[in-house]
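Working notes, structure below.
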Amino acid sequence: MPAVSFQHVSKTYSTARGAFQALQDVSFDIEAGEFFGLLGPNGAGKTTLISILAGLTRASGGHVRVHGRDVQADYQAARRLLGVVPQELVFDPFFSGGMKRRVLIAQALVHRPQVIVLDEPTAGVDVELRQTLWQFVSGLNRRLGSTVLLTTHYLEEAEALCGRIALLKQGRVVALEQTSELLRRASSNVLRFKTDHPLPPDLQELARVTGRVVQLPAHDALEVERLLARVRESGAAAHDIEIRKADLEDVFLDLMDSSGREHS
């Protein structure tokens, strides 16, 4: 029996502009003892899905179960199995963000839940506290076999901690795979450099550009040479050239881009 089961879950909100579908036929299971990552851009539906799991929001369709207990029909039993650390913090002028986060985690775990749900637990906290939190939660997962469901904007955390990942975009699951399989889908290397000149159109379609920094997928040394030659041919100059291994962020951005083209 799965620790958490989402089956054909949908959620539609009524707004002044009409109906807005936050979740569309979301289905996946999380096995007992998994450290599972739920990723996606802002507005993808992650927090809505967790709110439905926690019984704070009612799904428009489908079913959600925690160790077989339906979160709507058997709310009390399902909720006792969950420990939820919410994303939002209530403002309190007498406590730091790190202290409030510790209190929220302690409250979520005091009844020793079988499933721990962490919604952006390290957002806005310093690096030292972030590392402390992950050591603690990873220990619960390893020693006690607790199931962990994590949402995070820090992709390096998901890559380091999560054995399996679901990617959401616009309320749909666009990928559901082992983290290692997602990483294998990435190009083996990424060419990174800085330039003050625009790229030629054929490279612009492939590049990820942040200010002066350009990143391009490159499978081998020959492709690196070809890309740099193309940059030079266009009249652009590449500086501070680096080659690094592709990571989960590269996969994430590729999937977000490709799924956007498919649904456009």
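We number each residue from 1, following the sequence as shown.
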Give a yes or no on whether [X] and [Y] share a hydrophobic cluster (residues Ile, Leu, Val, Met, Phe, Trp, Tyr; joining criterion: side-chain heavy atoms under 4.5 Å apart).
X    : Y    : result
I30  : L144 : no
F36  : V117 : yes
L161 : L149 : no
V213 : F193 : no
L38  : L167 : no

To the nearest 0.5 Å, tell me how far [X] [atom1] sits from [Y] [atom2].
X    : Y    : atom1 : atom2 : value
L168 : L49  : CG    : CG    : 6.5 Å
R192 : R244 : CZ    : CZ    : 8.0 Å
L39  : K169 : CG    : NZ    : 14.5 Å
Q204 : L216 : CD    : CG    : 10.5 Å
Q170 : L23  : CD    : CG    : 12.5 Å
S5   : E31  : OG    : CD    : 9.0 Å

Keeping the roles fixed (side chain from [X], backbone from [Y]), state whether a donor-acceptor pair exists under 3.5 Å.
X    : Y    : value
Q24  : G171 : no
S234 : V231 : yes
T151 : E120 : yes
D70  : Y75  : no
K46  : G40  : yes
S146 : Q114 : no
S60  : T12  : yes

[X] versus [Y], closest heavy-atom pair with distance:
X    : Y    : result
P200 : R230 : CB-NH2, 3.6 Å
Q72  : R58  : OE1-NH1, 2.9 Å
A32  : T147 : CA-OG1, 3.4 Å

When you compare the side chain of [Y] with that of [X], does any pair of heavy atoms fall below 4.5 Å?
X    : Y    : value
D119 : V84  : no
L203 : L227 : yes
L150 : P121 : yes
I243 : V224 : yes
L82  : P113 : no

Assess the side chains of Q7 and R65: does a donor N or O sit below 3.5 Å from an acceptor N or O? no
Any donor-acceptor N or O pair under 3.5 Å, side chains S180, Q178: no
Apply the test side-chain hydrogen bond (donor to acceptor under 3.5 Å, both in side chains) to residues N141 and E34: give CA-CA distance (whole Å), side-chain angles for both, the deciding distance (0.1 Å), then the verdict. CA-CA 8 Å; N141 176 250; E34 270 199 285; over 6 Å; no
Once you measure the plane-to-plane angle for F20 and Y13, does it fall in the parallel (<30°), tilted (30-60°) or perpendicular (>60°) bin? parallel
H63 atom NE2, neighbour heavy-atom count above 12 within 6.0 Å: no
May I have the step-by-step check of salt bridge (Lys or Arg N to Asp or Glu O under 4.0 Å) for R212 and D196, ending in yes or no? CA-CA 6 Å; R212 299 176 59 232; D196 295 313; 2.6 Å; yes
Determine, step by step, whether L176 and R164 satisfy the side chain to side chain contact (heavy atoms under 4.5 Å, CB included) criterion, reporting the C-alpha distance in whole Å, the side-chain angles of both residues, the deciding distance to 0.1 Å, and the verdict. CA-CA 7 Å; L176 175 62; R164 200 158 56 103; 3.7 Å; yes
Before you tell me yes or no, could you show the steps for V4 and D29 under side chain to side chain contact (heavy atoms under 4.5 Å, CB included), namely the whole-Å CA-CA distance, both residues' side-chain angles and the distance that decides it to 0.1 Å? CA-CA 6 Å; V4 178; D29 291 341; over 6 Å; no
Counterpart residues, ring-ring contact (aromatic ring centres under 6.0 Å, His included), relative to F35 (two or more places apart): none
Start with the C-alpha gap between V66 and L53, add the side-chain angles, then the distance that decides, and say whether side chain to side chain contact (heavy atoms under 4.5 Å, CB included) holds. CA-CA 8 Å; V66 181; L53 172 63; 3.6 Å; yes
Please evaluate residues E159 and L182 with respect to the criterion side chain to side chain contact (heavy atoms under 4.5 Å, CB included), reporting the C-alpha separation (whole Å), side-chain torsions for both, the decisive distance (0.1 Å), and the verdict. CA-CA 10 Å; E159 185 173 342; L182 283 173; over 6 Å; no
